[in-house]
Each structure stands twice: as C-alpha cells, then as structure tokens.
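Please read these numbers as outputs of a predicted model, since none were measured by experiment. Computed from heavy atoms alone, side chains included, the values below leave out hydrogens, waters and symmetry copies. So you know, we letter chains A, B, ... as the sequences are listed, proteins then strands, and number each from 1.
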2 protein chains.
Amino acid sequence: MARTIGSDGEKTLAAIREQALALIARRGYEAMSMRALAAAVGVQAAALYRYFPTKEDLLYSLMDEHMTALLASWTMSCPANGDAHDTLAAFVRHHVAFHVGRRHSTHVSNMELRALSPERLTAILKLRAAYEKDLRRILREGADAGLFAIDDAAFTAMAIIQMITGVIVWFRPDERLTVADIAETYVAMTLRLAGALPRGVFRVPSIAALRTA
Amino acid sequence: MARTIGSDGEKTLAAIREQALALIARRGYEAMSMRALAAAVGVQAAALYRYFPTKEDLLYSLMDEHMTALLASWTMSCPANGDAHDTLAAFVRHHVAFHVGRRHSTHVSNMELRALSPERLTAILKLRAAYEKDLRRILREGADAGLFAIDDAAFTAMAIIQMITGVIVWFRPDERLTVADIAETYVAMTLRLAGALPRGVFRVPSIAALRTA
DNA sequence: GAAAGAATTGAACGTTTGTTTTATTGTGAA
DNA sequence: TTCACAATAAAACAAACGTTCAATTCTTTC
C-alpha cells in the first residue's frame, strides 16, 4: 500500500502535533517512540518524516508554538490602560486560563527543555524570558506606584510564576469548579503575595482589615 | 579483567546513586543509559546489576530515599511547641534548605514519577501525600486560631508547595546569597500568602539588602 | 597459603530506537 | 483521461538499548 484513501496532509500534521503533545506530556519525550506516535496518529512511522525531519524538530516545533502562542495571547489580552493592580490581576487570570486550556503543551514546554539542542534551548528560553520580563515590569511599576510592597521584582516574579503554573498539576475543571473560579483565587493569592492593598473586586482579607477586626 | 583493585561494594553503591541522580536530573531518566551511568561511575554496565536488578529499581530507590529523608528530616526539625505561625515558618525554612541541598534528588523525584510502575508510583505518592497533609494541618490550625486568613487549606497548601519548591529552578547559593537568606524571603512571602497577621517584620527584604547585610 | 566469597569484566543476547530508501497509490488540475 | 504530485506503506539500516552469563580477579578468613 501507499497513499491511503482520504489522506490529507493538513489533517495528518494536526493529528501528529496533537498526539505528540499527549504522548510526551504523559510519558515524556524520550519515552515516546516515533512508532508509538505514528500508531496513535494511525499512520506508519515513515510518514511522520514528511512533516518533521527529525524527532527533535517535532519537539521544538511544539514548544515554539506554545511559547509564541502564550506571548501572543497575553499581548492581546493585556489591558492597555489600567494600573499595575489591574494588570497583575489580568496577568494571573490569563496565565491560569491559558495553561489550564493547554495542559499538554505546558507540560511539554516546561519539562522537556533538556531534550533540546543548545541553540534551540536558547531560542525557547528567550521567549520565556520575554514573558517573565513583562511580569517583572508589572511588579516594578506597581511597587513604584506604591500599590505593591515588594523589593525584589525578579524574586517575586519567580515565586508568582511557579505558584500559578502549578495549577496544571492538580486542577481539572469540572461542572462544580471552573477555571474562572480557580483563577480568581490565584489572583487573590498573588495580590497578597505582592503586598497589594485590598481594593475593588479583589477584596482579600488584608493585614490591616484583620488587625481591626 | 575482573574484580579491580580497591573495589568496594559500599563505595560503588554510593557512587552509582550519586551519579544516577546527577545524570537523571540533567538529562532525564529515559535519556540516561545504563552504559552512560556506568561510565560516570567508572565501571562496566554489568556491574550495576549487582546493586539494582533493573533500571527502574534504581530510580525507585532514589525516589524512595528522597521522600523518606524529607519526611524524617521535617519530623526532626518540626517545632514541638509553638503556634501555627512559627510552625509554618519552620516548614518553609526546612523545605527550602532541604530542597536546595538536594537539588538533584528533588528534580528526580518531581520530574520522573511517570517512569514508575503504577504500584511504585502509588508508594511514592503516598509519602508525598503525608508531607503535604502536614502542611494542610498547619494551615488549618492557623486558620482556626485566627492567625491565618485562608478559605481552602488544600488549595493554599498546593500554592505554597509549588512556590517554595520553585527555589531549585533558579537559585544557586554562593558566598553573597545564602540559603538562609532566600529561605527567609520565602517565609515572608508564604506568611503573606496565608494572610498571616504581621508579627515582627515580614516585609520582603530585597536581595541587594540581603547581600550587604 | 589455600579456600570461600565479593566485585567486576567482557562478550553476547534479543529488542527497540530514529531514520532512510524505494515503491505505490490516491488526488486534483488540465 | 491523463499526468504530475502529494501522501503514505513497507522494508531495511546501523546503532543503541536493558539485561544476562560465564569467566576472572581481588579480598578476606582461617
């Protein structure tokens, strides 16, 4: 046999990406064989090489798409005007929603960096750095405006990123607990962590309020 | 050749564990071949099988030791008397110090769970659950005593664990910035996150300030 | 100094790996 | 209908994989 009925390059490509994300997220990049991936797609291993020259090219493509989409999505939903308080809340909401919605590619992009060649690792880390830099900017602006009580924006940014990315480890949305619910709790914890004064919808039991209670 | 001069079972075992942790932490369990491990130890691959029947037995042994040591170490340093405020601070201090001191085994135990068989995975997760349960207990007791402002102890515990374990991703101790410095900053952030009433100074110190202190 | 056992080597086993090559078939445009 | 091309199958490759086994040497004990 050769070309199969109904075969379509675009559909196969999309299927490869989707199944690769699922397999790598579940078992890891090294543990996923090209034959196993092909079987999941419903194709022979050799067919994969029409779409990706090597296994590592596939991995890099998945990561690059994830990071590029993350940056683009955040750029789109980042509030143009609004103080650091609002912007930080928006950052957390977007981060949580994006990562929960892309659990597989998040796992891949976070856990399989060591499988990349040095040059490609650098490229991915560059994208990640741009994302984290934006969070640091928000924290610094908020601190300068007296909205946050932080001294080291880089340290705080690392702590926040680690905390909110952790959502994918335990949370699975169902009919009782939505992504939005979880995101708001993360927003509250983040604002607390940043030493933000309670305000508006982000009413968190503040230190001052608790003291007079 | 056969037995080499000065060969010692205990030393070889320790070397295998140490090198395996380093290799798995750096490249991943699947990416570490038994031959590469043997080369790092300075021995032939077959010699490894005197100490571990299979590659997965080795992995499980490393993880089990890590989790057991974590629980034992925390049990030892957990303050017997003291309120939830002190206990939470002690928990964070211990967690940060332990994980920074055992960066490799932390990486292995956190990232390679998927390589374990279901039974062994369950065993490791049981140990982890016991550890996290203790943190939830601290948070709940603190909330009941009015020391913390927390709605969901489980949720908060996950957030805290994720945040403070993240220390191993970026922090490397040097002569200017010690583990203790970093730990205190994490303590301050954790207490804030838990909505703890200020007692003493919990303003997050800057890294620059810590350096010159 | 000889016997017993601990520690390791070197070679080999069968499998699986990522990848390549060649041939073959379905598909869309002329 | 034909023809170029896109899409895949089937088979094969060398290399690397985890693991086993027999042989060999060091170490300890008596």
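- Nearer the 5' end of DNA chain D, as judged by each residue's closest nucleotide, is the contact made by V43(A), out of V43(A) and P53(B).
- Of the residues listed (L21(B), N110(B), T106(B)), the one engaging H66(B) in a side-chain contact (heavy atoms from CB on, under 4.5 Å) is T106(B), and it is the only one.
- Rounded to a whole Å, the CD1 atom of I16(B) is 11 Å from the C1' atom of dA7(C).
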Report all interatomic pairs (protein N or O, nucleotide N or O of nucleotides 15-18 of chain C) with separations under 3.5 Å.
{"unit_1": "dG18(C)", "atom_1": "OP1", "unit_2": "M32(A)", "atom_2": "O", "d": "3.3"}
{"unit_1": "dG18(C)", "atom_1": "OP1", "unit_2": "K55(A)", "atom_2": "NZ", "d": "2.8"}
{"unit_1": "dG18(C)", "atom_1": "OP2", "unit_2": "M34(A)", "atom_2": "N", "d": "2.9"}
{"unit_1": "dG18(C)", "atom_1": "N7", "unit_2": "R35(A)", "atom_2": "NH1", "d": "2.8"}
{"unit_1": "dG18(C)", "atom_1": "O6", "unit_2": "R35(A)", "atom_2": "NH2", "d": "2.8"}

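- Not counting sequence neighbours, the partners of A38(B) by the side chain to side chain contact (heavy atoms under 4.5 Å, CB included) test are V43(B), A45(B), L48(B).
- Side-chain N/O atoms of T12(B) include none lying less than 4.0 angstrom from OP1 or OP2 on dA7(C).
- Listed by first then second residue, pairs satisfying salt bridge (Lys or Arg N to Asp or Glu O under 4.0 Å) with a partner in residues 65-74 of chain A read E65(A)-R102(A), not counting sequence neighbours.
- Rounded to a whole Å, the CZ atom of R50(B) is 15 Å from the P atom of dC21(D).
- If you take CG of L13(A) and P of dT8(D), they are 10 Å apart, rounded to a whole angstrom.
- When rounded to the nearest whole Å, the span between CG of L48(B) and P of dT20(D) equals 13 Å.
- As a whole-Å value, the separation of R27(B) CZ from dA16(D) P is 16 Å.
- For Y29(A), there are no side-chain hydrogen bond (donor to acceptor under 3.5 Å, both in side chains) partners two or more places apart in sequence or in a different chain.
- For the side chain to side chain contact (heavy atoms under 4.5 Å, CB included) test, residues two or more places apart in sequence or in another chain that qualify with A154(A) are R136(A), D152(A).
- Rounded to whole angstrom, the span from the NZ atom of K11(A) across to the P atom of dT27(C) amounts to 11 Å.
- If you measure from atom CD of Q44(B) to atom P of dA7(C), you get 17 Å, rounded to the nearest angstrom.
- Using a 4.0 Å heavy-atom criterion, one finds that Y51(B) contacts the sugar-phosphate atoms exclusively.
- Residues passing the side chain to side chain contact (heavy atoms under 4.5 Å, CB included) test with D181(A) are L177(A), T178(A), sequence neighbours excluded.
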